[in-house]
Amino acid sequence: MEKYLPKNVCILFLLLGGFVTVLGVLTQVSHETQAGSWSWREIVMVVVGIVVYFTFAFTGFYFLITRIKKRGIAWTKRRVSIDFSNHELYWHEIESIVLKKYPGIGKVTTIVTKPEYRDEIQQRLEKRKSAVESFDILWIAVQKPNIMHQEMMKAFKQFENLHRV
């Protein structure tokens with residue numbers, strides 16, 4: 001069983017993006033010595049910069065930690081690990097696995113769950129939102145995404161062939 005870990009390039013991009021953003025915010029703050037003289041544009045820019053920094057930094061460190069801990073997308077004969085947090089689905093809970101293309105994001109492997117298992121999956125994964133209909137695996141974040149998708153499709157078809165009623 002091969003694990004498909006987060007890409008090093010993706011981790012580097014996220015951490016550098018966060019670092020550059022915080023440098024921009026610090027530069028903006030250092031140019032204005034008096035906080036009372038800031039215009040609304042400068043305040044908005046600082047707030048947006050801080051939000052972007054935390055988003056990039058959190059995601060980058062999350063991917064880095066999961067890579068160090070060797071957590072990734074993987075599967076066995078019974079289960080599929082669907083994300084870097086080791087959330088798992090059983091093969092019998094999966095209705096289909098589809099390749100989708102989103103503009104601006106790129107390719108995504110989408111795992112669609114069967115309607116009769118959605119409440120059970122939602123409780124097991126502790127999702128508090130609406131019913132879990134599908135899970136997306138972003139190709140931009142995973143090493144060897146094409147191979148991962150092909151191998152996952154092959155394993156799913158093998159499971160389907162073994163368990164046909």
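The first residue in the sequence is number 1, and the count goes up from there.
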Problem set entry | Charged N-O contact under 4.0 Å between Glu151 and Lys144 | no
Problem set entry | Sidechain-backbone polar pair: Trp75 side chain, Ile82 backbone, donor-acceptor under 3.5 Å | no
Exercise. So, for Gly18 and Tyr53, which heavy atoms are closest and what is the spacing to 0.1 Å?
Worked result: O-CD1, 3.0 Å
Exercise. Of the non-hydrogen atoms in Lys77 and Trp91, which two are nearest, and what is the gap between them?
Worked result: O-CD1, 3.2 Å
For this session: Check each of Lys70, Lys69, Arg71 against Leu5 using the side-chain contact (heavy atoms from CB on, under 4.5 Å) test, and report the only one that passes.
Result: Lys70
Exercise. Shared ILVMFWY cluster between Ile121 and Met152, side chains joined below 4.5 angstrom?
Worked result: yes
Exercise. Between CD of Gln122 and CD of Glu133, what distance do you get to the nearest 0.5 Å?
Worked result: 10.5 Å
Exercise. In the single-linkage hydrophobic clustering (I, L, V, M, F, W, Y; side-chain heavy atoms under 4.5 Å), do Ile68 and Val142 co-cluster?
Worked result: yes
List, one per line, each side-chain donor-acceptor pair under 3.5 Å for residues 94-103, sequence neighbours excluded.
none

Exercise. Are Leu138 and Val80 connected in the hydrophobic side-chain network, where two residues link if heavy atoms are under 4.5 Å apart?
Worked result: no
Exercise. In Å and rounded to the nearest 0.5 Å, what is the CZ to CZ distance from Phe61 to Phe56?
Worked result: 14.0 Å
Exercise. Can you tell which of Arg118, Arg124, Lys114, Arg79 makes a side chain to side chain donor-acceptor pair (under 3.5 Å) with Glu93?
Worked result: Arg124
For this session: Quick one: sort the His92 and Tyr117 rings into parallel, tilted or perpendicular, breaks at 30° and 60°.
Result: perpendicular
Exercise. If you group Ile, Leu, Val, Met, Phe, Trp and Tyr by side-chain heavy-atom gaps below 4.5 Å, do Ile147 and Met153 land in one group?
Worked result: yes
Exercise. If you measure from CD1 on Ile111 to OG on Ser134, what distance do you get to the nearest 0.5 Å?
Worked result: 9.5 Å
Problem set entry | Ile140 CD1: over 12 foreign heavy atoms closer than 6.0 Å | no
Exercise. Between CD1 of Ile137 and NE2 of His149, what distance do you get to the nearest 0.5 Å?
Worked result: 9.5 Å
Exercise. Honestly curious: do Met45 and Val22 fall in one hydrophobic cluster under the side-chain, below-4.5 Å linking rule?
Worked result: no
Seminar exercise, completed: Taken to the nearest 0.5 Å, the spacing of Leu64 CG from Leu12 CG works out to 10.5 Å
What side-chain donor-acceptor pairs closer than 3.5 Å can you find for residues 155-162, not counting sequence neighbours?
unit_1, atom_1, unit_2, atom_2, d
Asn161, OD1, Arg164, NH2, 3.2
Asn161, ND2, Lys157, O, 3.3

Exercise. About how many Å separate CZ of Phe135 and CG of Leu89, when rounded to the nearest 0.5 Å?
Worked result: 5.0 Å
